[in-house]
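Notes follow the structure.
Nothing here was measured: the structure is a model prediction, and the numbers come from that model.
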Amino acid sequence: MEKLKVLVVDDDPIVRDTLFELLTKVAGCDTETAETGKDGLEKIQNEQFNVVFTDLTMPEMNGIDLIKEVKKINPYLPIVVITGYGSIDNAVNAMKEGATDFITKPFTIDNIIEILNRIKTEPKLIREIGGQPDINLNFLNLALYKKYLSISRLQEVCVELDELYDNKKIYEKVVELGKKLLVTKGVGFLLLEKGDIKIRKSDGEVEKIFLTESNLYSEFLEKGQKVGVFKKSITNLRQICEYHEVLFAPLTINGEIFGGLVFANKTDGSGFNEEDFALAMTFAKKVSLRIENNALYEVFYNNLVNTLRSLVMSIEARDSYTKQHSERVTQYALQIAEIMNLSEDEIDVIRFGGYLHDIGKIGVKDTVLLKPGKLTDEEFEEIKQHSVIGDNILKPIKFFPKERDMIRHHHERYDGRGYPDGLAGEEIPITARILAVADTYDAMTSTRPYRKALEHNVAIEELIRCSGKQFDPIVVSAFLETETGKGNKYNDKNFISC
Ligand SMILES: [Fe+2]
């Protein structure tokens with residue numbers, strides 16, 4: 001970068017001398033000074049400067065008048081206004097007249113370097129967007145607008161990424177977001193697997209380049225470069241040579257590279273620039289962090305689930321008749337969910353919540369829970385509390401709102417006469433309506449202290465009898481189609497619920 005020639009115009013000798021010292025000795029500029037606006041203007045008329053620093057209040061010609069005059073001579077000469085603390089209005093007025101920037105007293109060398117860097121960068125920015133160094137404002141506005149667009153895209157992409165908790169879906173989503181962010185024809189998500197680099201997910205032209213040039217990807221990973229671009233021509237089947245440009249950004253956890261993102265060919269045909277590098281790196285860091293967080297969450301989630309399952313097993317161990325009840329109920333409920341085409345999220349709720357549906361029984365006295373004979377009304381009221389207790393056990397853990405709903409409502413009845421809240425029909429979460437059928441079927445077909453297990457057909461008959469009253473008829477109907485529900489005389493029949 002060539003040495004900047006700078007003019008300082010200020011009637012205050014302390015400010016003038018300080019700026020002269022900082023600009024010359026620290027910032028390495030070729031600096032001249034002037035005591036008044038008039039002197040300054042004279043110098044500008046006779047010499048070429050790259051930037052002017054000027055005070056606003058000066059004898060003979062003030063700063064605003066100096067700016068106006070300078071603009072007549074050289075409209076593109078950057079002028080930085082020196083203002084006192086609390087005089088921002090003056091600076092704004094000066095910028096309306098054409099000043100480029102302002103600096104507030106007292107200033108530091110860092111403030112000055114920052115301003116000089118901005119002034120040095122502007123012509124480069126103009127070149128990047130295809131303009132001439134001496135044609136500025138519109139181009140600068142365009143550059144600013146382009147930067148605004150890319151920062152907006154980055155922000156949008158980061159928000160979407162922050163909501164991605166499932167590592168199974170992350171590859172596809174990252175590829176989609178990466179394409180949107182850098183506006184490229186292709187994006188690939190690479191993973192290092194046992195020393196080999198593989199495309200986990202890609203879109204667009206990445207695969208074709210990968211097949212012929214996979215060693216280049218490996219090179220990037222081995223070298224651990226922060227970010228890099230390689231350009232390659234590939235001859236296709238019709239012997240036409242295609243020119244490709246690929247930007248690579250590594251994915252890391254604790255400084256270890258575990259994969260990378262590749263961006264192939266900008267859609268508008270331009271090459272990748274420094275801004276693309278910065279965007280790709282920021283995006284790759286966010287993706288790495290998301291994956292790390294998700295992995296930590298999964299470990300935590302699995303530990304928590306295992307702990308809660310142990311708790312359920314300890315409850316079931318108290319009563320040999322209910323052993324593995326929760327596991328069977330979960331399996332039956334999952335079969336129904338599959339027949340009913342429930343969403344993946346709802347299936348996950350059943351998979352986790354099914355095991356825990358009776359966790360609230362830990363709060364019920366053994367004398368009631370394990371009583372072999374008929375329960376009194378009072379004892380039955382106590383048993384009924386288990387769905388609310390289960391909900392309360394999971395309440396402090398913020399991750400399971402839908403599971404809590406299912407647990408709380410698994411003893412509601414379709415006709416609204418269940419507990420604890422008397423919900424009816426579709427007010428009851430579908431997961432709870434399914435669980436109610438699975439739970440009742442298992443209870444009926446298991447031996448209890450006070451009765452033997454019912455035959456499969458008898459249990460099915462009972463479910464059908466209570467369909468539309470205790471149970472959602474659609475759920476009962478779905479149950480009849482499951483592996484467990486099959487093999488009964490009601491199969492392939494449209495039954496009328498009583
Ligand atoms: Fe229950």
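A 4.5 Å side-chain heavy-atom check between D421 and R408 finds at least one atom pair inside the cut-off. At a threshold of 4.5 Å between non-hydrogen side-chain atoms, the residues V349 and L342 do not count as touching. Counting heavy atoms from C-beta outward, D30 and N50 have side chains that stay 4.5 Å or more apart. In this structure, the side chains of I44 and N74 stay at 4.5 Å or more apart for every pair of heavy atoms.
Closest approach of H410 to A436, counting heavy atoms only: O-CB, 3.7 Å. Between H357 and L435, the shortest heavy-atom contact is CB-CD2, 3.2 Å. Of all the heavy atoms in A264 and T184, the pair that sits closest is O-CB, 3.6 Å. Closest non-hydrogen pair, M406 versus G354, comes out as CE-N, 3.3 Å. Of all heavy-atom pairs between F263 and A280, the closest is CE1-CB, 3.7 Å. For the pair G40 and V9, the tightest heavy-atom approach, listed with the atom from each and the gap, is CA-CG2, 4.1 Å.
In this structure, CG in L19 is found 9.5 Å from OG1 in T24, a value given to the nearest 0.5 Å. C29 contributes atom SG, which lies 7.5 Å from atom CD1 of I113 (distance to the nearest 0.5 angstrom). The line from CG of D10 to CZ of F53 is 12.0 Å long, rounded to the nearest 0.5 Å. F258 CZ to I253 CD1: the interatomic distance, rounded to the nearest 0.5 Å, is 4.5 Å. For the atom pair I115 CD1 and I103 CD1, the distance stands at 4.0 Å (nearest 0.5 Å). Residue K5 holds its NZ atom at 10.0 Å from OG1 of T31, rounded to the nearest 0.5 Å.
For the side-chain contact (heavy atoms from CB on, under 4.5 Å) with L154, the lone residue among V159, L182, T282 that qualifies is T282. Residue D391 is tested with R404, H386, H409 for a side chain to side chain donor-acceptor pair (under 3.5 Å); the sole match is R404. Shown are V175, V174, L247; of these, the side-chain contact (heavy atoms from CB on, under 4.5 Å) with L261 is made only by V174.
For R351 and D348, the salt-bridge test passes: some basic side-chain N is under 4.0 Å from an acidic carboxylate O. Ion pairing of K402 with E346 is absent here, as no side-chain N (NZ or NE/NH1/NH2) approaches a carboxylate O to less than 4.0 Å.
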Apply the test salt bridge (Lys or Arg N to Asp or Glu O under 4.0 Å) to residues E156 and R153: give CA-CA distance (whole Å), side-chain angles for both, the deciding distance (0.1 Å), then the verdict.
-> CA-CA 5 Å; E156 276 172 32; R153 283 202 308 274; over 6 Å; no

Please walk me through it: do E47 and K43 pass salt bridge (Lys or Arg N to Asp or Glu O under 4.0 Å)?
-> CA-CA 6 Å; E47 290 173 63; K43 290 198 177 222; 5.2 Å; no

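A donor-acceptor pair under 3.5 Å is absent between the side-chain atoms of E35 and the main chain of D11, judged by distance alone.
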Side-chain donor-acceptor contacts of residues 333-340 below 3.5 Å, not counting sequence neighbours, with atom names and distances?
unit_1: Q335; atom_1: OE1; unit_2: T484; atom_2: N; d: 3.2
unit_1: Q335; atom_1: OE1; unit_2: T484; atom_2: OG1; d: 2.7
unit_1: Q335; atom_1: NE2; unit_2: T484; atom_2: OG1; d: 3.2

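Here side-chain hydrogen bond (donor to acceptor under 3.5 Å, both in side chains) pairs that include residues 52-70, with residues two or more places apart or in two chains, are E69-K72.
Between H411 and Y419, the angle of the ring planes stays under 30°, which puts this pair in the parallel group of the 30/60° scheme.
Shown here are the side chain to side chain contact (heavy atoms under 4.5 Å, CB included) partners of Y171, two or more places apart in sequence or in another chain: F189, L191, R200, K201.
Atom CD1 of I73 has more than 12 heavy atoms from other residues, nucleotides or ligands within 6.0 Å.
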